[in-house]
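Keep in mind that what you see is a predicted model, and the values were worked out from it rather than measured. These values consider heavy atoms only, across backbone and side chains, with no hydrogens, waters or symmetry-generated copies.
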Amino acid sequence: MPDTSPHPEPHGTASSSLARADDADAAGAPNPRKIFCLTSPVKKWEDLPDTVFRTLVTSQLSADIPALVAVAGTCKTWRAMVKDNVDKLNVALPPPPQLRNFTPGVAGSSSGTAKKVPRDRKKKDVWNYAAWIAKRLHLFPNLEDFVVADEPSARSYDLGWFEDRIDQLEIVIQQILEADPTYIPMHTTKFVTDELVKSLAKNCRKLRSLEAEPLKERPKNWSMQIGADFDAFNLFVSPSHVQRLFDKCPRLVETYFSTDRDLKSIDIPVINDIKTWLDRIKKNGVGTTVKKLRLMSEVSKDEMKMIVNTLPNLEAVDFCGGSPPGAPRHLARLNHLRWLSLCGSVIEDGDLEKMLTGIGTNLCGLSLNECEMTRDDFHAIGAHCKSLRYLSLEGMESESPDTTQGDISSVISDCGDTLRYLNLGCNDFVDDTMLECIANHCPEMLLLDFSNSKLVTDIGLARIASRCKKIQCLGMMYCDKMGIYTCETKEDFISTFVTPLLSLRDLRTIVFASDLSDIITQDDDNVPNYEEVGYRYGYVDGVLQTALPNFMHCLRIA
């Protein structure tokens with residue numbers, strides 16, 4: 001007979017949770033955590049069928065570690081069910097309030113000195129929560145995927161006003177993207193600590209994916225200034241513990257320790273050397289399980305060939321540091337590829353078309369920022385990418401000076417029915433005509449960025465507002481010709497700039513430029529001065545927050 005005595009846990013037992021669920025139903029209140037209903041009283045735990053246990057553990061509680069721990073602590077039967085059936089954990093942040101006063105033991109670093117506790121309260125909460133989970137990972141010996149489900153509103157902004165606003169913008173963009181079922185996220189939460197890494201290595205030998213980055217914190221006296229050291233982090237994870245994790249978990253193939261440019265100080269050959277990493281994956285026979293790859297440094301042609309041969313089932317590839325010449329020819333063999341970023345890459349004649357001929361129909365996301373491309377490359381995108389939802393062509397003029405408005409317009413007209421996210425920032429050929437093309441062909445647009453477009457006026461904005469009714473985020477930094485910077489009177493500004501925005505009922509964020517010195521000439525009496533534009537920023541923010549149900553804020557970024 002199972003041990004029915006509950007073990008004390010911070011979130012109570014499963015039986016009390018079920019009782020609360022029944023009470024909520026009786027009161028007619030919605031209960032998102034309700035798991036199942038029992039038509040008759042159950043006097044013994046063993047009377048519950050195995051299917052109920054399995055549903056409870058694998059389906060309903062997979063994203064709730066405190067609830068899983070409570071279930072496991074209730075009886076031996078439930079504890080065995082947790083151990084046997086949980087292979088993926090979504091760690092929900094922020095940590096439960098009950099844990100904020102919890103102070104675990106401090107893990108030692110590789111040098112033998114104790115790690116410092118984060119001084120920031122929210123980071124300390126995360127540190128405490130990671131330690132709380134670490135002490136309970138023995139319940140999940142079959143764990144394969146450890147994923148952090150971030151709660152963006154709980155993030156801590158302590159890096160200064162500049163990065164504060166950039167982080168807020170990234171949060172909004174990620175929230176919009178993650179609502180798309182085709183999106184494959186490549187970002188993570190700074191969550192991992194020494195204690196958590198040690199526990200994973202000890203208890204979860206089947207671990208395949210660790211989608212979280214080391215918790216880190218800026219030095220106490222760090223400030224945003226010229227020459228500031230952006231790599232000056234206090235890290236709460238040490239190289240020796242990371243190396244041990246790789247040694248003890250041979251199936252670990254997806255991890256973000258190798259992708260964060262701020263972690264160059266962690267010198268681990270198995271992580272930093274792409275060939276060694278690929279050889280290790282091949283030796284352990286786990287290459288077919290890798291779905292995502294993000295590389296911060298440029299790879300060679302030989303490494304590119306190894307990647308495709310070793311990781312044939314990749315669904316998302318991000319070459320942050322650029323890809324080698326000829327990379328598209330190799331990528332054409334990845335039949336499952338759905339999201340691809342080739343930012344800053346040199347694309348040889350005909351390579352893009354050869355790749356898209358084979359895999360273009362599967363692509364949902366394509367980023368070609370600052371790539372060298374030809375007119376034929378743009379036509380290939382329009383001809384083969386009929387399911388494209390995300391397209392980023394930022395800074396094309398700097399690398400492809402022959403790019404014309406017609407090249408971009410042809411892609412928009414061919415792919416517009418499916419496009420949801422479009423980034424055309426830093427391109428001087430973007431004007432009102434381009435925005436009208438977007439308005440005519442992209443009725444489902446959710447996120448549009450035309451920052452640093454010197455020719456866009458309120459006319460183009462009005463076109464977008466009249467036809468792209470689902471837009472949630474607009475990027476318009478350094479658009480000098482827009483009425484917020486050019487209208488002489490407040491009445492004209494409200495009529496031509498503010499009023500069109502009021503028709504975008506789903507709008508959540510607008511991004512403006514904070515540095516007005518590159519936009520406004522103080523000697524010109526015919527344009528508003530800095531003070532007036534600052535007032536207009538605030539006016540837009542206030543009006544839209546009042547009038548639009550989902551509007552959050554206007555962001556001003558340098």
Side-chain angles (χ1 to χ4, degrees), residues 160-166 168-169 172 224 226 394-395 397 423-436 438-439 447-468 471-548 550-558:
W161 66 271
F162 178 73
E163 293 192 5
D164 181 349
R165 284 157 175 78
I166 291 180
Q168 289 184 51
L169 176 59
V172 172
M224 180 71 181
I226 297 176
E394 182 178 311
E397 284 192 328
N423 179 8
L424 296 176
C426 302
N427 290 306
D428 286 341
F429 53 73
V430 177
D431 59 10
D432 292 341
T433 303
M434 177 72 73
L435 294 191
E436 184 167 10
I438 295 171
L447 192 156
L448 176 62
D449 191 343
F450 49 86
S451 297
N452 288 277
S453 300
K454 308 297 184 181
L455 303 177
V456 171
T457 71
D458 292 350
I459 296 174
L461 178 63
R463 296 284 190 274
I464 293 293
S466 65
R467 297 173 188 174
C468 300
I471 279 187
Q472 298 182 27
C473 181
L474 278 173
M476 53 179 75
M477 296 170 56
Y478 299 105
C479 294
D480 303 5
K481 303 297 184 182
M482 304 207 73
I484 195 169
Y485 308 116
T486 60
C487 289
E488 294 186 38
T489 66
K490 178 181 177 181
E491 290 75 16
D492 290 343
F493 151 67
I494 294 174
S495 174
T496 64
F497 185 84
V498 180
T499 302
L501 294 173
L502 295 175
S503 66
L504 298 174
R505 303 298 296 173
D506 294 331
L507 189 63
R508 300 172 61 184
T509 299
I510 297 178
V511 186
F512 293 123
S514 62
D515 185 1
L516 300 178
S517 61
D518 292 336
I519 303 175
I520 298 174
T521 303
Q522 288 288 72
D523 297 334
D524 190 347
D525 296 332
N526 296 321
V527 298
N529 56 29
Y530 292 170
E531 184 178 350
E532 175 64 21
V533 172
Y535 163 79
R536 291 182 179 185
Y537 280 168
Y539 182 86
V540 172
D541 199 7
V543 167
L544 296 184
Q545 288 196 36
T546 301
L548 303 182
N550 300 317
F551 192 78
M552 298 168 57
H553 40 50
C554 293
L555 292 177
R556 287 174 276 179
I557 299 176

Problem set entry | Distance, nearest 0.5 Å, that separates CD1 of Ile438 from CG of Leu448 | 5.0 Å
For this session: Over all heavy atoms of both residues, which pair between Pro500 and Ser495 is shortest? Give the atoms and the distance, please.
Result: CD-O, 3.8 Å
Exercise. Taking everything shown except Ile459 itself, do over 12 heavy atoms lie less than 6.0 Å from its CD1?
Worked result: no
Exercise. Shortest non-hydrogen contact from Thr489 to Arg536?
Worked result: O-NH2, 3.6 Å
Exercise. What heavy-atom pair brings Ser451 and Met476 nearest, and what distance separates the two atoms?
Worked result: OG-N, 3.6 Å
Seminar exercise, completed: CG (Asp541) and NE2 (His553) are apart, to the nearest 0.5 Å, by 8.5 Å
Problem set entry | Closest approach of Glu394 to Asn423 (non-hydrogen atoms, all atoms of both residues) | OE1-ND2, 2.9 Å
For this session: Indicate the ring-plane relationship of Phe497 and Phe493, choosing parallel, tilted or perpendicular according to the 30° and 60° boundaries.
Result: parallel
For this session: Taking all non-hydrogen atoms of both residues into account, name the closest pair between Val498 and Val543 and its distance.
Result: CG1-CG1, 4.1 Å
Exercise. Taking the six-membered ring of Tyr537, is NZ or CZ of Arg556 closer than 6.0 Å to its centre and within 45° of its axis?
Worked result: no
Problem set entry | Minimum side-chain heavy-atom gap Asp515-Ile557 below 4.5 Å | no
For this session: State the CD1-CD1 distance between Ile494 and Ile484, to the nearest 0.5 angstrom.
Result: 11.0 Å
For this session: Kindly compute the distance separating CG (Leu474) from SG (Cys554), expressed to the nearest 0.5 Å.
Result: 10.0 Å
Exercise. Do side-chain atoms of Asn427 reach the backbone of Phe429 as a donor and acceptor pair under 3.5 angstrom?
Worked result: no
Exercise. Can you check side chain to side chain contact (heavy atoms under 4.5 Å, CB included) on Val456 and Lys481, steps first, answer last?
Worked result: CA-CA 6 Å; Val456 171; Lys481 303 297 184 182; over 6 Å; no
For this session: Please determine if Asp428 and Lys454 form a salt bridge, counting it only when a charged side-chain N lies under 4.0 Å from a carboxylate O.
Result: no
For this session: Would you please test Asp432 and Leu455 for side chain to side chain contact (heavy atoms under 4.5 Å, CB included) and show each step?
Result: CA-CA 7 Å; Asp432 292 341; Leu455 303 177; over 6 Å; no
Seminar exercise, completed: Value for CE (Met477) from OG (Ser514), rounded to nearest 0.5 Å, stands at 7.0 Å
For this session: Check whether any side-chain N or O of Gln545 sits under 3.5 Å from a backbone N or O of Met552 as a donor-acceptor pair, and report yes or no.
Result: yes
Seminar exercise, completed: Output for pair (Leu461 CG, Leu501 CG), nearest 0.5 Å, gives 5.0 Å
Problem set entry | Nearest non-hydrogen partners of Ile519 and Tyr485, listed with the distance | CG2-CG, 3.7 Å
Exercise. In terms of side-chain heavy atoms, does Tyr539 have a donor or acceptor partner in Lys490 at a distance below 3.5 Å?
Worked result: no
